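Structure first, then comments.
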Amino acid sequence: MDARLNVFTSPVAAKAWKHIIAAGKALGDSTLPAATRELVMLRASQINGCAGCIDMHTKDATAAGESAVRLHLVAAWREATVFTEAERAALELAEEATRIADAAGGVPDEVWANAAKHYDEDQLAVLVTQVAVINAFNRLNVTVRQPAGHYQPGQH
């Protein structure tokens with residue numbers, strides 16, 4: 001299976017994606033735990049059906065020491081007991097922000113307040129930006145039907 005389009009062969013698209021990739025990398029310099037970032041990216045990618053990002057983030061998280069049990073349970077995090085309250089708040093915020101079109105008024109105040117109990121302002125900014133960035137990647141990959149399965153940890 002091949003992707004419908006390679007956006008990196010288009011000078012304009014490649015230039016735009018270079019900046020989005022750089023934005024994602026900049027978020028790694030924050031105090032938001034890397035494990036939380038990976039869980040959030042995985043959950044948004046599951047919601048959006050982005051096989052390429054699911055492939056990447058499960059493999060990168062595994063390489064960083066994340067357990068298989070936690071990765072398998074991300075899709076059912078509400079019923080799982082393996083996530084901290086802070087991680088649960090981040091996953092809930094990621095879901096609401098990813099499904100923003102499903103709720104009039106966007107992310108509910110209660111969801112935001114719960115996340116704000118666990119994360120400082122800088123971490124909240126990173127969390128929101130991470131969700132926005134992964135959603136951008138998801139939309140690109142799903143639209144062009146980017147194949148999955150061959151990603152190697154740390155490749156990007």
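Everything numeric in this text was worked out from a predicted model, so none of it was measured.
Counting only distance, with no hydrogens or angles, the side chain of N135 and the backbone of V131 share a donor-acceptor pair below 3.5 Å.
A distance of 5.5 Å separates CD in E85 from CZ in R88, rounded to the nearest 0.5 Å. How far CD of E66 is from CG of L42: 9.5 Å, rounded to the nearest 0.5 Å. Atom OG of S45 is separated from atom CD1 of I54 by 6.0 Å, given to the nearest 0.5 angstrom. To the nearest 0.5 Å, the span separating CG on D55 from CD on Q152 amounts to 9.0 Å. Rounding to the nearest 0.5 Å places CD of E38 at 6.0 Å from NE2 of H57. Between the CG atom in L73 and the CZ atom in R78 there is a gap of 14.0 Å [rounded to 0.5 Å].
Residues E92 and N114 come closest through the heavy atom pair OE1-ND2, 3.6 Å. Closest approach of A94 to V40, counting heavy atoms only: CB-CG1, 3.6 Å. Residues A90 and Y119 approach most closely at CB-OH, 3.6 Å, considering heavy atoms. Across all non-hydrogen atoms, the minimal contact from D120 to D122 is OD1-N, 3.1 Å. Minimum heavy-atom separation, L124 to A115: CD2-CB, 3.8 Å. Shortest non-hydrogen contact noted between L71 and A61 is CD2-CB, 3.8 Å.
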Intermediate values then yes/no, side chain to side chain contact (heavy atoms under 4.5 Å, CB included), N48 and F137: CA-CA 10 Å; N48 290 322; F137 278 114; over 6 Å; no

Test salt bridge (charged side-chain N to carboxylate O under 4.0 Å, His left out) applied to R70 and E87, step by step: CA-CA 11 Å; R70 283 170 41 96; E87 289 168 336; 2.7 Å; yes

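A single hydrophobic cluster is seen to contain both I21 and V144, as judged by linkage of ILVMFWY side chains at heavy-atom distances under 4.5 Å, directly or through other members. If you chain together hydrophobic residues whose side chains sit under 4.5 Å apart, I100 and I47 never meet in one group. When hydrophobic clusters are built by joining Ile, Leu, Val, Met, Phe, Trp and Tyr residues whose side-chain heavy atoms come closer than 4.5 Å, directly or via intermediates, V69 is grouped together with F83. Side-chain heavy atoms closer than 4.5 Å link hydrophobic residues (I, L, V, M, F, W, Y) into clusters, and following such links, possibly through other members, connects W17 to I134. In the hydrophobic clustering of this structure, V126 groups with L93; members are Ile, Leu, Val, Met, Phe, Trp, Tyr whose side-chain heavy atoms approach within less than 4.5 Å, directly or through other members.
Between K18 and K15, the closest side-chain pair of non-hydrogen atoms is not below 4.5 Å. Put simply, the side chain of M41 does not reach to within 4.5 Å of the side chain of C53, judged on heavy atoms. The shortest distance between side-chain heavy atoms of W77 and L39 does not fall below 4.5 Å. The closest side-chain heavy-atom distance from T62 to P153 is not below 4.5 Å. The side-chain heavy atoms of L32 and L127, taken from C-beta on, include a pair separated by under 4.5 Å. Under the 4.5 Å side-chain criterion, counting only non-hydrogen atoms from C-beta, L91 is not in contact with E95.
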